[in-house]
Protein chains: 2
Amino acid sequence: MTDVSSAVTEALPEAGSKRRQIRPKAERRQQLIDATIRCIAQHGLSAVTMQMVTRDAGLSVGIANLHFESKDNLLKETLRFVAEEYHGGQIEIMEGGDIPNLSERLDALLDFQLGRGVTQRQKMSVWFAYYGEAGARPVYQKIVSTVDRLAAQKLEALFTDIIREGGYQGVDARELATGYSALIDGLHLGLLVTPRELSKRRARAVARDFLRRAFPKHIY
Amino acid sequence: MTDVSSAVTEALPEAGSKRRQIRPKAERRQQLIDATIRCIAQHGLSAVTMQMVTRDAGLSVGIANLHFESKDNLLKETLRFVAEEYHGGQIEIMEGGDIPNLSERLDALLDFQLGRGVTQRQKMSVWFAYYGEAGARPVYQKIVSTVDRLAAQKLEALFTDIIREGGYQGVDARELATGYSALIDGLHLGLLVTPRELSKRRARAVARDFLRRAFPKHIY
DNA sequence: ACCCAGAATGAATGAATGTTCATTCTTCAT
DNA sequence: ATGAAGAATGAACATTCATTCATTCTGGGT
């Protein structure tokens with residue numbers, strides 16, 4: 001499983017089917033979360049309404065409060081989903097059962113972080129929409145920092161292994177991990193806000209450059 | 001003038017003064033923009049209301065639509081103000097009339113970007129609140145990318161000078177500038193969302209590390 | 001002292017939105 | 001075939017918010 005990220009891009013297949021369908025709770029929840037992601041990406045978090053989300057999902061307004069208690073909760077669960085998807089994907093790569101070679105694992109991580117799945121505008125929009133509100137909403141901070149901490153630890157561990165393998169001197173794994181994470185976040189931001197100035201290709205080159213400067217023997 | 005950023009922190013000095021005051025248009029506009037910044041930082045962009053802003057400014061509700069045509073416009077102008085303040089501060093340093101020494105100029109830039117003025121929670125909150133909406137609002141994208149482009153050029157020019165002075169080999173000024181900008185953005189994000197994990201001190205150390213790796217003769 | 005341009009006010013308005021719940025419909029065990 | 005559990009619906013409700021504008025007030029010019 002290389003691409004962990006699910007496809008939220010597709011619109012609902014609905015056409016003329018007016019017949020009411022009954023589906024298990026978990027499936028409806030996911031439908032609504034997917035619709036929420038699409039709506040945030042298209043209209044911005046502050047413009048998202050329940051009517052908008054449920055219409056996008058092809059369902060009625062009441063169903064949102066049936067499966068999630070409130071709008072607040074739906075938004076919270078959507079953030080949790082996106083956060084776990086992103087960090088889960090990273091962690092899977094970094095734990096590296098699939099890829100024993102450290103150099104290749106680094107490559108795979110970079111591909112995941114700046115590859116197709118994650119840098120879809122949709123996902124990035126959602127990501128930063130919540131970051132924007134995080135300053136005022138401790139709940140969001142908590143969700144993000146929880147998954148973030150684990151990913152940070154795994155990254156530090158990976159860097160530690162690489163430093164040992166390469167015998168690099170005067171390099172602090174923790175500091176480097178912080179820097180690399182920040183760099184990736186910043187590149188995502190650039191891809192979202194100024195896509196004209198920063199292409200995906202160039203973003204990858206910049207990140208690769210950072211790694212090469214730190215671990216010259218492991219990159220290229 | 002080292003610290004370009006104005007103080008938005010203070011609450012209104014108003015106490016028991018009920019007397020209506022007439023002030024020039026420009027002053028009222030700034031009052032409202034400052035109040036908007038405080039409100040966004042405290043409640044989040046999506047929760048900001050006109051009543052909230054005008055009350056914070058110690059003025060009546062009608063005045064917002066008198067000086068700005070609409071809420072949308074007030075928000076737009078607030079973003080423009082914050083963007084220009086931040087990038088203006090950077091550019092002033094990078095043009096470097098005050099500081100001829102390149103090494104010191106780099107230091108000053110770093111101090112500005114991760115120093116008191118800019119990394120106040122208020123300013124960062126506003127910054128990322130708009131980034132979060134940028135995906136869905138081309139107006140915001142345009143405002144940011146306009147000021148961003150100029151700052152990017154100045155940074156690239158500064159790096160070019162440093163590369164020449166230091167005789168550094170195999171370093172591309174443009175790519176490095178992109179990386180450095182992204183790194184700073186990412187660190188700001190970390191300071192905002194996970195302040196527990198990332199202290200301001202450590203953020204500065206990480207950024208300094210990045211620069212030292214690129215320009216070893218110019219840092220320390 | 002007087003006047004008036006226009007700055008400031010805030011109650012009123014209408015539109016939009018989150019949430020509720022009585023009702024309808026689907027499914028499946030019997 | 002039948003009934004019941006509960007999934008799904010959407011009209012109705014209460015609230016909140018941006019915007020308007022008739023009215024009040026202020027300060028400088030005469």
Side-chain angles (χ1 to χ4, degrees), chain A residues 12-14 16-36 39-40 42-79 129 133 136-137 139, chain B residues 12-36 38-40 42-79 129 133 136-137 139:
Chain A
L12 55 159
E14 166 136 13
S17 82
K18 312 235 166 184
R19 198 149 176 286
R20 182 194 288 194
Q21 287 227 7
I22 291 188
R23 310 256 66 191
K25 185 157 181 155
E27 189 175 330
R28 286 283 184 241
R29 281 177 65 95
Q30 193 56 51
Q31 269 185 42
L32 288 168
I33 286 178
D34 286 350
T36 305
C39 288
I40 291 176
Q42 194 170 355
H43 303 100
L45 181 57
S46 68
V48 169
T49 68
M50 292 300 257
Q51 337 248 344
M52 191 188 282
V53 171
T54 50
R55 197 162 54 86
D56 183 294
L59 299 167
S60 64
V61 286
I63 203 164
N65 286 60
L66 181 66
H67 293 299
F68 300 86
E69 310 157 20
S70 64
K71 182 186 180 184
D72 248 31
N73 201 240
L74 171 60
L75 293 179
K76 213 171 68 187
E77 292 303 316
T78 302
L79 170 59
E133 296 285 300
R137 316 202 99 199
V139 196
Chain B
L12 54 159
E14 164 136 14
S17 80
K18 312 235 166 183
R19 197 150 177 285
R20 183 194 287 194
Q21 285 227 7
I22 291 188
R23 312 254 66 193
K25 185 157 182 154
E27 190 175 329
R28 287 283 183 241
R29 282 176 64 95
Q30 193 56 49
Q31 270 184 41
L32 289 168
I33 286 178
D34 286 351
T36 305
R38 280 192 299 267
C39 289
I40 291 175
Q42 194 170 356
H43 303 99
L45 180 56
S46 68
V48 168
T49 70
M50 292 301 254
Q51 336 248 345
M52 191 188 282
V53 171
T54 49
R55 198 161 53 87
D56 184 294
L59 299 167
S60 65
V61 286
I63 203 166
N65 287 62
L66 181 67
H67 292 299
F68 300 87
E69 310 155 22
S70 63
K71 182 186 180 183
D72 248 32
N73 202 240
L74 170 60
L75 293 179
K76 213 171 67 187
E77 292 302 317
T78 302
L79 170 59
E133 296 286 299
R137 316 202 98 200
V139 197

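Side chains are part of it too, since the values below use all heavy atoms of this structure and drop only hydrogens, waters and symmetry mates. Protein chains get the first letters and strands the later ones, always in sequence-line order, with residue 1 at the start of each. Keep in mind it's a predicted model, so treat the numbers as computed, not measured.
B/Val53 comes within 4.0 angstrom of no nucleic acid atom, judged by non-hydrogen atoms across all strands.
Taken from CZ in B/Arg23 to CD in B/Gln31, the straight-line distance is 8.5 Å, to the nearest 0.5 Å. A distance of 8.5 Å separates OG1 of B/Thr49 from NE2 of B/His43, quoted to the nearest 0.5 Å. Distance check: B/Gln21 CD to B/Leu59 CG gives 10.0 Å after rounding to the nearest 0.5 Å.
For A/Arg28, there are no salt bridge (charged side-chain N to carboxylate O under 4.0 Å, His left out) partners, not counting sequence neighbours.
Nearest-nucleotide assignment on DNA chain D puts the 5′-proximal partner with B/Gln51, out of B/Ile22 and B/Gln51. Residue whose closest nucleotide on DNA chain C sits further toward the 5' end, between A/Ala47 and A/Glu69: A/Ala47. Looking at which nucleotide of DNA chain C each of A/Ser70 and B/His67 is closest to, the 5′-most match is held by B/His67.
Separating the NE2 atom of B/His43 from the C1' atom of D/dC17 is a distance of 15 Å, rounded to the nearest angstrom. At whole-Å resolution of the value, NZ in A/Lys25 and P in D/dA5 are 18 Å apart. Atoms CZ (A/Arg55) and P (D/dG10) sit 13 Å apart, rounded to a whole Å. When the C1' atom of D/dC17 is taken as reference, atom NZ of B/Lys71 falls 8 Å away, rounded to whole Å. To the nearest angstrom, C1' of D/dA7 lies 15 Å from CZ of A/Arg29. B/Ile63 places its CD1 atom 15 Å from the C1' atom of D/dT20, with the value rounded to the nearest Å.
Residue pairs meeting the salt bridge (charged side-chain N to carboxylate O under 4.0 Å, His left out) criterion with at least one partner in residues 58-73 of chain A, sequence neighbours excluded, are A/Asp72-A/Arg137.
With respect to A/His67, the side chain to side chain contact (heavy atoms under 4.5 Å, CB included) criterion is satisfied by exactly one of A/Glu27, A/Arg29, A/Gln30, A/Glu77: A/Arg29.
The outermost nucleotides of DNA chain C lying under 4.0 Å from heavy atoms of chain A, listed 5' to 3', are C/dT17 to C/dT27.
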